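Atoms within each ligand, like the ligands themselves, are counted from 1 in listed order. Only a predicted model underlies this, so the values are computations on that prediction, with no experimental measurement involved. In what follows, residues are counted from 1 in the order of the sequence shown.
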Amino acid sequence: MTSPLIEFIAREHPAFVHIPLGLVAVLPLAMLVSFHPRHGRALVGTSFFLGAIGWLGSTVALFSGLMWGRQINLIAPSAFLPVVASEKQVLQRILQIHIQASLIGFLVGGLCVFLLWRAWRQDAATPGEHRHHAGRRFWERGVGAPALLVGFIWLGCWGFSGKLGGIMVFGNEATNKAAAAADAAKRNDVEAELPIRALDYASLEPAEAAPMRSKAHGDRWRRIWVTASGIDAYKAGKALPAGAYAVMSTFSDEKGRPSTDPGPLYMKETKGDGTTAFAFYWGKVPEALQKDFGNQDSVYWRSPDPRIATCLGCHDKGGSAK
Ligand code: HEC
């Protein structure tokens with residue numbers, strides 16, 4: 001896993017960011033004072049110093065932010081931005097804008113540091129206080145008006161990014177609402193962790209009197225169980241009515257007979273809206289077969305998981321595959 005140092009850098013992201021942010025917050029002040037005819041000279045150097053340290057410091061902040069995002073699974077292990085799959089993912093959306101604002105700030109900051117470096121070099125090449133006196137228009141004095149403007153934009157980007165960062169750490173109405181909604185959805189989804197109804201197949205109506213061989217499902221021995229609300233339709237070869245579901249319990253084959261080792265459970269359900277949902281559950285995948293199941297020792301897939309797509313190949317549009 002990651003080293004303790006990286007972990008520390010990642011976790012302390014909310015602390016690290018204050019160093020560059022603080023420097024960039026005082027930077028416009030130093031730049032403003034650099035327009036002063038007499039104290040300008042020293043402040044050009046100071047501005048360059050503040051800007052350069054702030055900019056370099058921000059590389060640590062950017063890195064730690066990326067590491068942190070990956071550690072808390074908001075960013076995929078090899079990705080640089082979070083994926084926003086739906087409008088409901090408020091946190092991911094805020095994070096995306098947070099990252100964009102900080103990156104734009106970083107680019108603008110680079111430009112600012114360059115302008116400051118140029119002003120400072122020019123200053124060093126101009127003897128005495130000459131540069132700050134007559135002969136220069138006001139906006140050409142000190143660090144120069146363009147650098148000042150860029151400095152304000154830099155601060156603006158990071159200020160905005162920091163505000164979003166604060167929201168992500170401390171929450172606001174939108175993030176709290178999203179968290180509550182996700183919580184409620186999970187509580188309503190009793191089968192989020194386990195296919196509870198499928199596991200309770202013995203409480204359903206058996207559709208066949210004895211185990212049969214099923215070529216379609218790994219050539220295992222199967223038994224099909226259907227809810228009372230759907231058993232008549234099932235026996236008549238019709239699609240199951242809304243709310244009804246069928247479960248297929250399986251056993252592997254042992255010399256032409258069902259073995260005592262349970263195979264996976266298959267489930268097919270007609271939802272209230274008429275769509276068909278599938279679930280595939282295998283609590284203990286035998287070691288020899290794990291390579292076919294993403295090297296997992298236990299799998300639980302259900303619609304709309306893309307791995308359930310193989311079921312659709314035969315059970316198209318939810319109709320009986322027979
Ligand atoms: C190769 C084609 C094929 C694939 C792939 C397939 N099935 Fe089936 N399924 C069938 C057939 C044919 C039947 C009828 C019973 C049988 O032949 O075993 C069936 C029956 C079922 C049943 C019993 C209810 C019914 O409609 O008869 C369930 C539940 C089920 N399949 C679930 C699944 C799930 C979940 C998947 C994906 C993990 C899946 N099936 C993949 C062909 C397939």
Side-chain angles (χ1 to χ4, degrees), residues 85-86 185-322:
S86 98
K186 187 144 191 203
R187 238 177 297 121
N188 288 333
D189 182 1
V190 290
E191 301 193 324
E193 317 286 345
L194 283 175
I196 295 164
R197 290 170 304 155
L199 286 164
D200 193 27
Y201 59 83
S203 71
L204 306 181
E205 304 296 325
E208 300 157 316
M212 308 267 268
R213 200 71 178 265
S214 176
K215 284 236 176 303
H217 306 86
D219 205 12
R220 295 188 177 84
W221 288 89
R222 65 150 204 254
R223 282 203 79 185
I224 294 173
W225 313 77
V226 183
T227 51
S229 63
I231 188 74
D232 291 338
Y234 184 79
K235 286 187 168 162
K238 293 195 209 129
L240 297 180
Y245 55 88
V247 177
M248 186 192 305
S249 57
T250 61
F251 289 89
S252 53
D253 178 75
E254 198 176 275
K255 300 186 186 118
R257 298 180 52 194
S259 80
T260 49
D261 294 335
L265 275 181
Y266 298 78
M267 183 180 183
K268 187 173 133 184
E269 177 183 12
T270 306
K271 296 279 205 188
D273 61 3
T275 58
T276 305
F278 295 91
F280 177 86
Y281 175 76
W282 203 351
K284 197 169 183 182
V285 182
E287 227 170 288
L289 292 180
Q290 286 176 11
K291 60 178 186 329
D292 300 330
F293 292 91
N295 294 317
Q296 303 289 306
D297 54 6
S298 157
V299 291
Y300 173 30
W301 302 335
R302 56 187 191 141
S303 305
D305 190 311
R307 288 167 293 195
I308 232 68
T310 53
C311 316
L312 292 167
C314 299
H315 294 268
D316 82 300
K317 297 200 192 80
S320 179
K322 281 183 270 190

Original post:
Heavy atom of Tyr245 under 4.0 Å from ligand 1?
Top reply: no
**OP:** Report yes or no: does Ala207 have a heavy atom closer than 4.0 Å to ligand 1?
**Re:** no
Subject >> Check: Ser214 N/O within less than 3.5 Å of ligand 1 N/O >> reply: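 For ligand 1, there is an N or O atom that lies under 3.5 Å from one belonging to Ser214.
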Subject >> Backbone or side-chain N or O of Thr310 under 3.5 Å from ligand 1 N or O >> reply: no
Original post:
Does Thr227 have any side-chain contact (heavy atoms from CB on, under 4.5 Å) partners at least two apart in sequence or in another chain, and if so, which?
Top reply: Leu204, Ser229, Ala244, Tyr245
Original post:
Below 6.0 angstrom between ring centroids: does that apply to Trp221 and Phe251?
Top reply: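 Here the rings of Phe251 and Trp221 have centres that are no less than 6.0 Å from each other.
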Original post:
Which of the listed options, Ala246, Gly237, Cys311, holds the heavy atom that is closest to atom 37 (C) of ligand 1?
Top reply: Cys311
Original post:
Who's closest to atom 17 (O) of ligand 1 heavy-atom-wise, of Arg302, Met267, Arg222, Lys268?
Top reply: Arg222
Original post:
So, do Gln290 and Gln296 sit near enough that their side-chain heavy atoms are less than 4.5 Å apart?
Top reply: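 The answer is no; the side chains never approach within 4.5 Å.
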**OP:** Check whether any N, O or S atom of His315 sits under 2.8 Å from atom 8 (Fe) of ligand 1.
**Re:**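 Given the 2.8 Å cut-off, His315 counts as a ligand of atom 8 (Fe) of ligand 1.
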Original post:
Closer than 2.8 Å to atom 8 (Fe) of ligand 1, do we get an N, O or S atom from His217, backbone or side chain?
Top reply: yes
Original post:
Is it the case that Arg197 places NZ or CZ above or below the six-membered ring of Trp225, under 6.0 angstrom from the centre and within 45 degrees of the axis?
Top reply: no
So if I count the atoms of ligand 1 from 1 in the order they appear, which ones are less than 4.0 Å from some heavy atom of [X]?
| X | value |
| --- | --- |
| Phe280 | 38 (C) |
| Cys314 | 1 (C), 2 (C), 3 (C), 4 (C), 5 (C), 42 (C), 43 (C) |
| Ala279 | 35 (C) |

Could you check whether [X] pairs with [Y] (Lys NZ or Arg NE/NH1/NH2 to Asp/Glu carboxylate O, under 4.0 Å)?
| X | Y | answer |
| --- | --- | --- |
| Arg302 | Asp189 | yes |
| Asp219 | Arg213 | yes |
| Lys271 | Asp273 | no |

**OP:** Indicate, as side chain, backbone, both or neither, the part of Tyr234 found under 4.0 angstrom from ligand 1 when only non-hydrogen atoms are considered.
**Re:**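 Answer for Tyr234: side chain.
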**OP:** Assess whether side-chain hydrogen bond (donor to acceptor under 3.5 Å, both in side chains) is satisfied between Ser259 and Ser252, documenting all intermediate values.
**Re:** CA-CA 6 Å; Ser259 80; Ser252 53; 2.9 Å; yes
